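The structure under discussion appears below in the form of structure tokens.
Being a predicted model, the structure only gives us computed values, none of them experimental. Sequential numbering from 1 along the given sequence is applied to the chain's residues.
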Amino acid sequence: MKNGQYGAALVEFALILPFLLVLTLTVTEFGRAMHEYNLVTKSVRDGVRYLSIQTQNTHTAEAANLIVYGNLAGTGTPLARGLTLAKVQAPVWQTTGTNPLINTVTVKVSNYQFQPLVNTVFGVPLGPFTYSDITATMRAPL
């Protein structure tokens with residue numbers, strides 16, 4: 001290689017580096033957003049699973065603690081950043097059908113927001129954004 005070609009490679013690298021950084025940051029934030037969504041979805045499923053074996057309209061506070069903190073006592077830090085007990089809606093028990101009669105319980109987390117590590121990249125906003133309601137329903141004893 002000639003000496004002039006080394007300088008050209010450096011200039012090309014300097015021109016492409018910002019795009020590579022933006023691409024890397026975007027993919028990382030998208031992965032974090034998916035991880036947090038899956039984390040909240042799994043915790044909602046755990047909460048509704050817990051309520052599905054309880055007597056109707058009981059143990060709702062423990063289920064909310066299980067969703068937010070991952071334990072029934074409500075101790076420790078929340079499983080997901082920004083997840084609070086206020087975002088967990090009161091469980092809804094419903095009875096449907098006639099033969100057989102089916103009892104279900106539904107748990108919902110509303111207004112959960114993803115907070116990206118960086119709010120803007122080159123003037124393009126990355127967030128925060130609010131997920132749609134995250135719900136889970138299971139059969140429960142009559």
If you compare all heavy atoms of Pro141 against all heavy atoms of Ser52, which two are closest, and at what distance to 0.1 Å?
CD-O, 2.7 Å

Answer whether the closest heavy-atom distance between the side chains of Thr84 and Val68 falls below 4.5 Å.
no

State, yes or no, whether a side-chain contact exists between Val22 and Phe19 at a heavy-atom distance under 4.5 Å.
no

Are Val92 and Ile53 linked, directly or through other ILVMFWY residues, by side chains that come within less than 4.5 angstrom of each other?
no

Would Val44 and Tyr69 show up in the same hydrophobic cluster when neighbours are defined by side-chain heavy atoms closer than 4.5 Å?
yes

Using 0.5 Å steps for rounding, measure from the CZ atom of Arg81 to the CG atom of Leu117.
5.5 Å

For the side chain of Lys87 and the backbone of Asn111, is there at least one donor-acceptor N/O pair under 3.5 Å apart?
yes

Test log, rule ring-ring contact (aromatic ring centres under 6.0 Å, His included), inputs Tyr131 and Phe129:
CA-CA 7 Å; Tyr131 293 111; Phe129 61 89; 5.4 Å; yes

Heavy-atom nearest pair, Tyr112 first then Leu83, reads CE1-N, 3.7 Å

Least distance between heavy atoms, Val40 atom then Ala80 atom:
CG2-CB, 3.9 Å

Can you tell me which residue among Ile134, Asp46, Val107 is in a side-chain contact (heavy atoms from CB on, under 4.5 Å) with Ile67?
Val107

Roughly how far apart are Leu10 CG and Glu12 CD, rounded to 0.5 Å?
10.0 Å

Test side chain to side chain contact (heavy atoms under 4.5 Å, CB included) on Asn65 and Leu72; report intermediate values, then the result.
CA-CA 5 Å; Asn65 287 337; Leu72 299 177; 5.6 Å; no

Rounded distance [0.5 Å steps], NE2 in His59 versus CG in Leu51:
9.0 Å

Nearest 0.5 angstrom please: Trp93 CH2 to Thr55 OG1, how far?
9.5 Å

Would you kindly confirm whether Leu21 and Leu25 end up in one hydrophobic cluster when ILVMFWY residues are joined by side chain heavy atoms under 4.5 Å apart?
no

Treating Ile, Leu, Val, Met, Phe, Trp and Tyr as nodes and any side-chain heavy-atom pair under 4.5 angstrom as an edge, say whether Val109 and Met34 lie in one connected cluster.
no

Do Arg45 and Thr41 come within less than 4.5 Å of each other through their side chains, counting heavy atoms only?
yes

How close do Pro116 and Arg32 get, counting heavy atoms only, and between which atoms?
CA-NH1, 3.8 Å

In short, Ser110 meets Asp133 closest at the heavy-atom pair OG-OD1, 3.2 Å

Closest non-hydrogen atom pair, Gln94 against Asn103
O-OD1, 2.8 Å

According to a 4.5 Å side-chain heavy-atom criterion applied to Ile, Leu, Val, Met, Phe, Trp and Tyr, with indirect links allowed, do Val48 and Leu39 form part of one hydrophobic cluster?
no

